[in-house]
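A short worksheet on the structure shown next.
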Amino acid sequence: MSPEERQTESVQDERSARIKRAALQVFAKHGLAGAKMSMIAAEAGVSQGLSYRYYSSKEELFALLVEEAIEEAQAALRDVKHGPGTPFEQIRAMTIRMLDDSHKHYFMLMRQAQSSDDVPDKVKRLLQRYSPTDSIEHVVPVFVQGQQDGQFGQGDARELLLFYFSVISGLMLQDVPASPSGWSRQTDRLMKLLT
């Protein structure tokens with residue numbers, strides 16, 4: 001591949017990524033029915049015609065983003081046990097990752113997809129295979145180890161984690177902005193719910 005071809009490919013990859021980031025924000029706020037390709041193009045800073053060169057429809061973009069959101073959510077929960085540190089530090093790192101702006105928009109997109117009747121069939125099939133409560137099972141062993149080590153309060157691990165994730169979900173749905181120092185300090189407050 002020539003240097004010119006590599007540069008062209010790099011520009012195309014960057015535009016495609018910019019359109020996807022913009023679509024994520026637009027869909028998270030407006031859902032599929034309320035979003036228009038013109039809104040996505042404006043958010044991305046590209047022409048509407050250019051956005052159609054990369055994605056044939058808003059439905060295609062929506063399905064792609066829902067698939068990415070599911071993969072990201074599962075990876076965040078699955079990878080918690082592989083993080084460095086104690087169970088407390090592992091769950092804290094996962095919480096910061098979940099509250100990061102890009103992950104927050106993925107979560108909001110998922111809520112839009114789950115609550116809308118007008119999603120494409122591909123999205124319905126993806127959602128049927130994804131269960132947030134099943135995904136929590138990846139975190140349960142880490143939490144139980146933390147309980148045994150005295151880092152977390154006693155009680156049913158699944159119930160406590162469900163409560164914890166419900167609080168995080170509520171923050172995401174309210175679109176609560178992070179403080180100037182980010183979610184790091186606020187996460188410590190959230191972690192007190194588990195201790």
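Note that the structure is predicted; figures quoted are calculated from it, not measured.
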Contact list for residues 44-81, test ring-ring contact (aromatic ring centres under 6.0 Å, His included), sequence neighbours left out = F27-F62

Under the ring-ring contact (aromatic ring centres under 6.0 Å, His included) rule, what pairs show up with a residue in residues 28-47, not counting sequence neighbours?
-> none

Within the distance-only criterion (no hydrogens, no angle test), does the side chain of [X] pair as donor or acceptor with the backbone N or O of [Y] below 3.5 angstrom?
X	Y	value
S51	Q48	yes
S116	Q112	no
S166	L162	yes

Under 6.0 Å from the CZ atom of R18, do we count more than 12 heavy atoms belonging to anything else shown?
-> yes

Look up atom [atom1] in [X] and atom [atom2] in [Y], then write down how far apart they are to the nearest 0.5 Å.
X	Y	atom1	atom2	value
K58	L65	NZ	CG	13.5 Å
S47	M37	OG	CE	10.0 Å
E68	K20	CD	NZ	3.5 Å
T95	I168	OG1	CD1	4.5 Å
L109	R111	CG	CZ	11.5 Å

N/O donor-acceptor pairs under 3.5 Å from side chains in residues 69-81, not counting sequence neighbours:
unit_1, atom_1, unit_2, atom_2, d
E72, OE2, R97, NE, 3.2
E72, OE2, R97, NH2, 2.8
E72, OE2, H103, NE2, 2.8

May I ask you to test the [X]-[Y] pair for a side-chain heavy-atom distance under 4.5 Å?
X	Y	answer
V123	E59	no
T195	K192	yes
K122	V66	no

Would you please name every residue forming a side chain to side chain donor-acceptor pair (under 3.5 Å) with R21, sequence neighbours left out?
-> none

Would Q114 and V119 satisfy side chain to side chain contact (heavy atoms under 4.5 Å, CB included), going step by step from the backbone distance to the final call?
-> CA-CA 9 Å; Q114 291 168 332; V119 296; over 6 Å; no

Determine, stepwise, if the pair E137 / V140 fulfils side chain to side chain contact (heavy atoms under 4.5 Å, CB included).
-> CA-CA 5 Å; E137 291 301 314; V140 170; 4.2 Å; yes

For D121, enumerate each residue passing the side-chain contact (heavy atoms from CB on, under 4.5 Å) test, keeping only those at least two apart in sequence or located in another chain.
-> K124, R125

Would you name the heavy atoms of Q90 and P84 that are closest together and state the gap between them?
-> CG-O, 3.7 Å

Taking every heavy atom of E43 against every heavy atom of A22, the minimum-distance pair comes out as CG-CB, 3.5 Å

Using atom types as modelled, flag every donor-acceptor pair under 3.5 Å from a side chain in residues 144-153 to any protein atom, sequence neighbours excluded.
unit_1, atom_1, unit_2, atom_2, d
Q145, NE2, D149, OD1, 2.9
Q145, NE2, D149, OD2, 3.4
Q147, NE2, G153, O, 2.9
Q147, NE2, G155, O, 3.0
Q151, OE1, F88, N, 3.1

